[in-house]
Participant: 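Submitted below is the structure of interest, expressed as structure tokens.
In this text, all values refer to a predicted model and were calculated from it rather than measured experimentally.
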Amino acid sequence: MDNRIRNSFASQTMMQTLGAEITDVGQGSVTITAPILPGSRQQHGVAHAALSFAIGDSAAGYAALTQMPEDSEVMTAEMKINLLAPGAGDYLRATGKVIKPGRRLVIVTAEVHAITGSEEKLVALLQGTMVPVTR
């Protein structure tokens, strides 16, 4: 399972552009981190909401993929984000989780935290629906 998720993730050029990495893979859970690079900031100097969305969406999607058949890939059908606080910190960490697995639809969430040293702050919540697609 771990290799399958990491190999799929490695083919996402967007995640490479953002400097994102998978830091944990579990059954129904995936964690992705990304530095807040100069090219990922908005006009106030904090992480752009697009960075939170991108890594949150990917973490949630890969969490869903951990519970899909081996011959499946995953795509987002819909995703909602609540931005709770500015993404100020050294990096962002998105933890995606499966809420309800299904054969056709998988309901997922992700929490995005901004990390500075040993401090972390919840900056975004995502909720969405993933669908399996044949490779």
Participant: Answer whether the closest heavy-atom distance between the side chains of Thr23 and Ile32 falls below 4.5 Å.
Facilitator: no

Participant: Taking side-chain hydrogen bond (donor to acceptor under 3.5 Å, both in side chains) as the test, write out the residues that go with Glu120, two or more places apart.
Facilitator: Arg93

Participant: Can you name the residues that form a side-chain hydrogen bond (donor to acceptor under 3.5 Å, both in side chains) with Glu78, not counting sequence neighbours?
Facilitator: Thr129

Participant: How would you list all residue pairs meeting side chain to side chain donor-acceptor pair (under 3.5 Å) that involve residues 107-116, not counting sequence neighbours?
Facilitator: none

Participant: Starting at OG1 of Thr66, measure out to NZ of Lys97 and round the result to the nearest 0.5 Å.
Facilitator: 11.5 Å

Participant: Is there side-chain contact between Met79 and Gln127, with heavy atoms separated by less than 4.5 Å?
Facilitator: no

Participant: Measuring only between side-chain heavy atoms, which start at C-beta, is Val106 closer than 4.5 Å to Lys100?
Facilitator: no

Participant: Can you name the residues that form a side-chain hydrogen bond (donor to acceptor under 3.5 Å, both in side chains) with Ser52, not counting sequence neighbours?
Facilitator: none

Participant: With heavy-atom distances below 4.5 Å as the criterion, would you say the side chains of Thr95 and Thr31 are in contact?
Facilitator: yes

Participant: Return the set of residues passing side chain to side chain contact (heavy atoms under 4.5 Å, CB included) with Arg6 (not counting sequence neighbours), or none when no residue passes.
Facilitator: Asp2, Ile22, Val25

Participant: Could you pull out all residues at least two apart from Pro86 that satisfy side chain to side chain contact (heavy atoms under 4.5 Å, CB included)?
Facilitator: Val46

Participant: Restricting to side chain to side chain contact (heavy atoms under 4.5 Å, CB included), what partner residues turn up for Pro38, sequence neighbours left out?
Facilitator: none

Participant: Is there a path from Leu83 to Leu51 through hydrophobic residues (I, L, V, M, F, W, Y) whose side chains come within less than 4.5 Å of each other?
Facilitator: yes

Participant: Is Leu105 isolated, or which residues cluster with it under the ILVMFWY side-chain rule of less than 4.5 Å, directly or via members?
Facilitator: Met75, Val131, Val133

Participant: Kindly indicate whether the side chain of Pro101, heavy atoms from C-beta on, has any atom under 4.5 Å from the side chain of Met130.
Facilitator: no

Participant: If every non-hydrogen atom of Lys121 is compared with every non-hydrogen atom of Ala85, which pair is closest and at what distance?
Facilitator: CE-CB, 3.6 Å

Participant: Under the side chain to side chain donor-acceptor pair (under 3.5 Å) definition, can you give me all pairs with a residue in residues 33-44, not counting sequence neighbours?
Facilitator: none

Participant: Which atom pair, heavy atoms only, marks the closest approach of Ile36 to Gly89?
Facilitator: CD1-O, 3.4 Å

Participant: Ignoring hydrogens and angles, write down the donor-acceptor pairs under 3.5 Å from the side chains of residues 58-65, residues two or more places apart or on other chains.
Facilitator:
unit_1 : atom_1 : unit_2 : atom_2 : d
Ser58  : OG     : Gln12  : OE1    : 3.4
Ser58  : OG     : Ala54  : O      : 3.3
Tyr62  : OH     : Ser8   : O      : 3.3
Tyr62  : OH     : Ser8   : OG     : 2.8
Tyr62  : OH     : Phe9   : N      : 3.2
Tyr62  : OH     : Gln12  : NE2    : 3.0

Participant: Can you name the closest pair of heavy atoms from Ala88 and Ala114 and give their distance?
Facilitator: O-CB, 3.4 Å

Participant: Identify the two heavy atoms, one from Gln67 and one from Gly28, that lie closest to each other, and give their separation to 0.1 Å.
Facilitator: NE2-CA, 3.7 Å

Participant: Between the main-chain N or O of Phe53 and the side-chain N or O of Asp57, is there a donor-acceptor pair closer than 3.5 Å?
Facilitator: no

Participant: With Leu126 as reference, evaluate Asn82, Ile55, Ile81, Val108 under the side chain to side chain contact (heavy atoms under 4.5 Å, CB included) test and give the passing residue.
Facilitator: Ile81

Participant: Are the side chains of Val112 and Leu92 in contact, using a 4.5 Å heavy-atom criterion?
Facilitator: yes

Participant: Does Asp24 have any side-chain hydrogen bond (donor to acceptor under 3.5 Å, both in side chains) partners at least two apart in sequence or in another chain, and if so, which?
Facilitator: none

Participant: Let me check something: any side-chain donor-acceptor pairs from residues 13-21 under 3.5 Å, sequence neighbours excluded? List them with distances.
Facilitator:
unit_1 : atom_1 : unit_2 : atom_2 : d
Gln16  : NE2    : Ala10  : O      : 2.6
Thr17  : OG1    : Thr13  : O      : 3.0

